[in-house]
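These notes concern the structure reproduced below.
Start at 1 with the first residue, then count along the sequence.
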Amino acid sequence: MIRRLRDNRGAADLLIPAVMTRAFSRMRFAGTPGPRPEASAGTGSAVRQRSQTRTDIQGLRAVAVTVVVVFHLWPTVLAGGYVGVDVFFVVSGFLITGQLLRSPVRGLRDVAEFWARRIRRLVPAATFVLVATMAAGAIWLPSALRGALGKDAVAAALCVQNWRLATSEGDYLSAAPVSSAVQHYWALSVAGKFYVVWPLLLVLVAALATLVVRRTGWDRRTVVTVAVAVAAAVAVVGSLVWSVHLTRTDPVRAYFVSTTRMWELVAGGLLAGVVAVAAAHKRAARPWRHTRLLRAVAAWTGLVLIVAAAYRYDATTPFPGTAALVPVVGTLLVVAAAADNVRGGPGRVLALRPVQWVGDISYSLYLWNWPLIVIVPFAVKRDLGFGDTVAVLGLTLVLAALTKRFVEDGLRWNRLLTRRLVVSYVLAAVCVTCVGVFGGGLAAAAAAERNRAAARVKAAVVQPCVGADAVRHKTCSDPGLLTPPDFAATDRSVLYADRCWNHTPFATRNVCTYGVQDATEATARIAVFGNSHAGHWVPALEDALDGSGWQLTTYLQSVCYTVDRPIQFDGEGASEGCQEINQWAVDQILSSGTDLVIMSNQTFAPLVGVAEADQAQEAQAAYRQTIAQFTKAGIAVLVVRDTPTMGVNVPECVAQHSYDLAACGSDRTSALPADPLVAAAASDRTGLVSVLDLSDMVCDPQTCLPVVGGVIVYVDNNHLTATFVRTLAPEVVVAVEDVLARR
């Protein structure tokens, strides 16, 4: 059908009415830094297309990348600088749709040519920075981070980085010691999907509209214009509604996934169509053209909205959702006002040469900024001070300018690439292959190093004076660092691989059983009940299960601690789900013949409707109610005091301060606040409740330590490594045996 439509007389009006095409040919439109030639891909002709920069849009690019860069470098200065990405989305939607309007997409061949132009514009620079980042990471990053970097780079090259982050970042138990050096490619992944889907959608809508024209005889131009506008409006509304919903129910996924962001790109495209129609019809265009004051006010208002969002928003702002309307509407106002040619507007400021230069290199600037922030501290082996941060900014600008000059423009306008359509796709395949080979190699090398480290640790951990054994024997000499930081960053219990956790909104009922599988043959049935701070004690019992004849069953919820009270969560329905799964777990434990419940929790999420000053007291009362349900049934309870919370991510800190491990310690008083679960256990009078406090195995009288007996204690800043917990097995197993013996 598409082929037939291409052959019809007047097919130039199929997707974009001729009046809109002519209008855009007269518009000053930002697509390149200045007039540049580009041969028509796939034809081999010398046809050249020129585009003239709209300085206000180029200035908007500069504003967008500036707030993002400042947010990355000095997050407390512009805590909402992440909205710069939303400005980019709107501008991209406007510019890309403008390209489609100027060069109408009538069928699949035109779509392929459009994609080829996008490949030449975006892929070379993105690939160059990915490869350079992986090369730097191979030199300076720990092996665990190198492996993650390799996987993330491959995801970025395949345009699925946003979906990878949506799934991996959603787990607060994730032990990743530092953000990925290519995490920022999530925005390119979102935009890339728009570039693929949008022209296809327009072709489909136009084709359906033409069928209506044939059957009704209505004016083709009107029908196609209305159909495209309606499709765009539906896409904007649908994506926005979904964005609002998912931001409430699953905020981490909402931030990264394409479906919650697509409305911002389509909104820019919708504006491009409106501007084209208005410019083509003099009656519609004249009032807007002559209301200079209104345009100036609109442009200034748009800039104020963008800057206000960057300044007022922070990590606690539910985003995108309705909050994204502020930077999006602000960008639409600036673009619609055409501020570059209205007196009294911000056009002169946006047209300043330094602003235009930053806008010109904005793409490369965005690509380089984040990898340098992540990798440079590892290279210089210290946290970045103000001077270091300024140096990183300078290096970012230099690299961005060079990349723009020699990679972006050097390949975008290369005659070999523009002469034939297929060459652009070969370029894309080569780029993806290079990243895949390099990234896969990094991941494989990191996995091999982890396996070697695991073997070394397994052999070392049974030796005296290793881990907690160094605390038991005060005469032990320092064995040195036995567990590398990259190993510690993934040194978690088997519970993670076995998917024993229940995550928000707690719709699952995952339970794992270890030791003797037949409950009737078990000498004791033990339940581990709590959140992740209960789960990280399981490695201390693993080796003892089979020999003792115990059966151990886990009832573990992410974040949700074991009280029958509503706990505050970001996601919709999570609070109710937490209460329900806690009661379900209690019922399961009571009905399964359990002999002992091991409870431990990190009590950090606040109770709903409780004043801050009363949180500890109310949590203690709620814990007493939970414990009482077990003791009334004659079930013993062993409460393990919550572990210290460090002020830093320990594996990352050790990697950066291997020469000064004291820099990674935390003051004992601040790291060990009162535990309301322990207080509740202390108030029990049934004789069935015991408390195990292992704080002295981690902390000396003044400081909680990052490394004990050569073993890194933490996976992150609050979860214990499985290796260190295994060295605590004597204390944990003896405590369990004592409780069971007293029953």
Side chain to side chain contact (heavy atoms under 4.5 Å, CB included) between Asp595 and Leu740, intermediate numbers included:
CA-CA 8 Å; Asp595 300 298; Leu740 292 174; 4.2 Å; yes
Output, in order, the C-alpha distance, side-chain angles, deciding distance and verdict of side chain to side chain contact (heavy atoms under 4.5 Å, CB included) for Thr247 and Thr322.
CA-CA 9 Å; Thr247 300; Thr322 55; over 6 Å; no
The test is salt bridge (charged side-chain N to carboxylate O under 4.0 Å, His left out); show your working for Asp660 and Lys381 and say whether it passes.
CA-CA 11 Å; Asp660 182 22; Lys381 298 186 182 302; over 6 Å; no
For the pair Thr553 and Ser592, evaluate side chain to side chain contact (heavy atoms under 4.5 Å, CB included) and give the outcome as yes or no after the intermediate values.
CA-CA 10 Å; Thr553 305; Ser592 60; over 6 Å; no
Would you check, one step at a time, whether the test side chain to side chain donor-acceptor pair (under 3.5 Å) holds for Ser690 with Arg742?
CA-CA 11 Å; Ser690 304; Arg742 293 198 305 267; 2.5 Å; yes
When you look at Gln602 and Thr645, which way does the side chain to side chain contact (heavy atoms under 4.5 Å, CB included) test go after all the steps?
CA-CA 9 Å; Gln602 184 183 37; Thr645 298; 3.5 Å; yes
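Judged by distance alone, with hydrogens and angles left aside, the side-chain atoms of Arg146 form no donor-acceptor pair with the main-chain N or O of Ala446 at under 3.5 Å. Checked by atom type and distance alone, the side chain of Asp498 never pairs as donor or acceptor with a backbone atom of Cys500 at under 3.5 Å. Judged purely by atom type and a 3.5 angstrom limit, Ser666 uses its side chain to pair as donor or acceptor with the backbone of Gly647. Thr727 places a side-chain N or O within 3.5 Å of a backbone atom of Ala468 that can act as its donor or acceptor partner. Of the possible polar contacts, none joining the Arg253 side chain to the Pro251 backbone as a donor-acceptor pair under 3.5 Å is found. Not one N or O on the side chain of Thr594 forms a donor-acceptor pair closer than 3.5 Å with the backbone of Ala527. Checking side-chain atoms of Ser600 against main-chain N and O of Val640 turns up a donor-acceptor pair under 3.5 Å. Gln551 places a side-chain N or O within 3.5 Å of a backbone atom of Gln517 that can act as its donor or acceptor partner. Not one N or O on the side chain of Asp716 forms a donor-acceptor pair closer than 3.5 Å with the backbone of Asn649.
Looking at every heavy atom in both residues, Asp469 comes nearest to Cys476 through O-SG, 4.2 Å. Annotation for Pro318 and Ala323: closest pair O-CB, 3.4 Å, computed over non-hydrogen atoms. Smallest separation of non-hydrogen atoms from Ser180 and Asp152: OG-OD2, 2.8 Å. Shortest non-hydrogen contact noted between Ala166 and Val257 is CB-CG1, 3.8 Å. Nearest heavy atom pair, residue Val733 against residue Ala540, reads CG2-O, 3.7 Å. Here the closest heavy-atom approach between residue Ala254 and residue Pro320 is recorded as O-CD, 3.3 Å.
Using a 4.5 Å heavy-atom cutoff, the side chains of Val678 and Asp693 are not in contact. Within the 4.5 Å cutoff, the side chain of Leu482 has heavy atoms near those of the Val466 side chain. When side chains are defined from C-beta on, Leu556 counts as touching Val528, because their heavy atoms get closer than 4.5 Å. Using a 4.5 Å heavy-atom cutoff, the side chains of Asn582 and Asp564 are not in contact. By the 4.5 Å heavy-atom criterion applied to side chains, Thr504 and Ser558 are not counted as neighbours. Counting heavy atoms from C-beta outward, Tyr561 and Leu607 have side chains that approach closer than 4.5 Å. Side-chain contact between Trp242 and Thr260 is present, with at least one heavy-atom pair separated by less than 4.5 Å. The shortest side-chain heavy-atom distance between Phe604 and Asp642 does not fall under the 4.5 Å cut-off.
Geometric assessment of Arg565 against the ring of Tyr623 yields a negative cation-pi assignment under the 6.0 Å and 45° thresholds.
Taking CD1 of Ile581 as the start and CD of Gln579 as the end, the distance is 12.5 Å to the nearest 0.5 Å. Here CD of Glu731 is found 4.0 Å from CZ of Arg472. Values are rounded to the nearest 0.5 Å. Of the inter-residue distances, the one linking Leu720 atom CG with Arg726 atom CZ reads 12.5 Å to the nearest 0.5 angstrom. Expressed to the nearest 0.5 Å, how far CG of Asn451 lies from CZ of Phe487 amounts to 10.0 Å. In this structure, Ser189 OG and Arg261 CZ are separated by 12.5 Å, a value rounded to the nearest 0.5 Å. Thr562 OG1 to Met599 CE: the interatomic distance, rounded to the nearest 0.5 Å, is 3.0 Å.
Between Phe529 and Phe630, the ring-plane angle classifies as perpendicular under the 30° and 60° cut-offs. Using the six-membered ring where Trp is involved, Phe506 and Phe569 have ring planes that are perpendicular, over 60° apart on the 30 and 60° scheme. The aromatic rings of Tyr82 and Phe71 sit perpendicular to each other, their planes meeting at more than 60°, with 30° as the lower class boundary.
Each of Thr554, Asn531, Thr508 was compared with Asn502 under the side chain to side chain donor-acceptor pair (under 3.5 Å) criterion, and only Thr508 meets it. Applying the side chain to side chain contact (heavy atoms under 4.5 Å, CB included) test between Gln620 and each of Glu618, Gln617, Arg624 identifies Arg624 as the sole match. The only option from Ile598, Leu638, Leu692, Leu728 that meets the side chain to side chain contact (heavy atoms under 4.5 Å, CB included) definition with Trp537 turns out to be Leu728.
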Expected list for residues 701-715: side-chain donor-acceptor pairs under 3.5 angstrom, two or more places apart:
residue : atom : partner : partner atom : Å
Tyr714  : OH   : Pro644  : O            : 2.9

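The environment of CD in Glu612 is sparse: at most 12 heavy-atom neighbours from other residues, nucleotides or ligands sit within 6.0 Å. Surrounding CD of Glu737 are more than 12 heavy atoms belonging to other residues, nucleotides or ligands, all under 6.0 Å away. Atom CZ of Arg509 has more than 12 heavy atoms from other residues, nucleotides or ligands within 6.0 Å.
Here Phe724 pairs with nothing under the ring pair (Phe, Tyr, Trp, His ring centres under 6.0 Å) rule; sequence neighbours left out.
Checked against the 6.0 Å centroid criterion, the rings of Tyr496 and Trp501 qualify as a close aromatic pair.
In summary, the side chains of Thr603 and Asn601 do not present any donor paired with an acceptor at a separation below 3.5 Å, with no hydrogens or angles considered.
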